[in-house]
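In what follows, a single structure is set out as structure tokens and then discussed.
When a ligand or atom number is given, it counts from 1 through the structure's own listing order. Counting begins at 1 with the first residue of the sequence. Below, all heavy atoms of this structure are taken into account, side chains as well, without hydrogens, waters or symmetry copies.
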Amino acid sequence: MITEEIPLAKPVLGAAEEAAVIEVLRSGQLSLGPRVPAFEAAFAARIGARYASAVSSGTAGLHLALRAVGVGEGEEVVTSPFSFVASANVVLYERARPVFADIDPRTLNLDPAAAAAAITDRTTALLPVHIFGYPADLPAFEALGLPIVEDACEALGAVHADGVAVGGRGHPAAFGFYANKQLTTGEGGMLTLGSGEHKLAIDSERNQGRAPDMGWLDHDRLGFNYRLSDIACALGLAQLERLDALLAARARVAAWYREALAGLAAERGLGLPCEDAGGDRRGWFVFVVQLPDDADRDGTIRALRALGVQSKPYLPAIHLMSFYRERFGHRPGEFPVCEDIAARSVALPFFPALSEGQIARVAEALTTALG
Ligand SMILES: Cc1ncc(COP(=O)(O)O)c(C=O)c1O
């Protein structure tokens, strides 16, 4: 008999979040208030970044970061095809071109050697993605000598081998706070920054081109409405207070999964997320497995559903999405590692409150589904 369906994701929200939001509602200052700089300061301190700027989404953060490092029309940004579509789309917002390069088969992050080979005289920035919370090889990208914007939307809690938290290296790094993230504000994002000049530009551009010291309706540059409300920032502050516990719970769930799926990995060739290596530490966001070559992915997802387990294909290769194919003429075979991984990847239920018993149910269901 099937008991309750196990969802893919579920935020942890409690009395602290409720109290924080109610306090803002009662204060009457729902936006452009004191929670915004308070959340920024607490987030920057947590990451070890010099500055932080709260924005309305991870996508908004990436867009403003590209503008800050000076990416413009006709230029190229080298990035990963194995990512959420936003990390490529933001390049198009500035009429620049996302140039993809293949990924590392272990980490699933942009391969620095492939990225180096994709650089041309039009390349003005690199946009590595810390996919599934595993730190991209930033020292290798830094050695290429171009401005870097980091997509850290999935990587809160991740740490590089040299002990620097992801987002703390001084490059603009965008975090995302959608409901399935390590920390959520419903929708929202944060840029961590090492440059005061970037902070000034971004704080102005997120608010319609009005610098913080300028008067109402005074705008001296092109801007956007990419603000994050005080309600969201209050929620973020409350989540930040419990971030260590949230991250520890996610890591524990991942360890249970590893144990529960070890048999399928050994006997059926199920691919598991790579283990931390060389001192890099993952900030757990999702638990994505690669099905064996002979498995039918859609059929497996349907079978899991019938057994009360939600799952989804995650992630599709960006260059093979219809829009990217039509616009840039991409074809299968360009990035074989990415394409193989993307074709076999399935995200399993993953959230802090997942119990060991539920994980056993997922493992059993996957064993049945794979036959
Ligand atoms: C890798 C990656 N980049 C960018 C984004 C965009 O973040 P948001 O949904 O907050 O705009 C996400 C979030 O879904 C993501 O996972």
- Task: Would you check, one step at a time, whether the test ring pair (Phe, Tyr, Trp, His ring centres under 6.0 Å) holds for Phe285 with Tyr134?
- Result: CA-CA 9 Å; Phe285 166 55; Tyr134 197 85; over 10 Å; no
- Task: Could you pull out every protein residue that has a heavy atom closer than 4.0 Å to ligand 1, ordered by chain and then number?
- Result: Ser57, Gly58, Thr59, Ser83, Phe84, Ala86, Val129, Asp151, Cys153, Glu154, Lys181, Gly188
- Message: Can you confirm whether Arg297 is buried at CZ, in the sense that more than 12 heavy atoms of other residues, nucleotides or ligands lie under 6.0 Å from that atom?
- Response: yes
- Take atom CZ of Arg325 as the centre, draw a 6.0 Å sphere, and report whether it contains more than 12 heavy atoms from other residues, nucleotides or ligands. yes
- Query: Are His171 and His198 an aromatic pair by the rule of ring centers under 6.0 Å?
  - Reply: no
- Start with the C-alpha gap between Phe82 and Phe132, add the side-chain angles, then the distance that decides, and say whether ring pair (Phe, Tyr, Trp, His ring centres under 6.0 Å) holds. CA-CA 10 Å; Phe82 190 62; Phe132 304 158; 5.6 Å; yes
- Message: Between the side chains of Glu356 and Arg361, is the shortest nitrogen-to-carboxylate-oxygen separation below 4.0 Å, so that they form an ion pair?
- Response: no
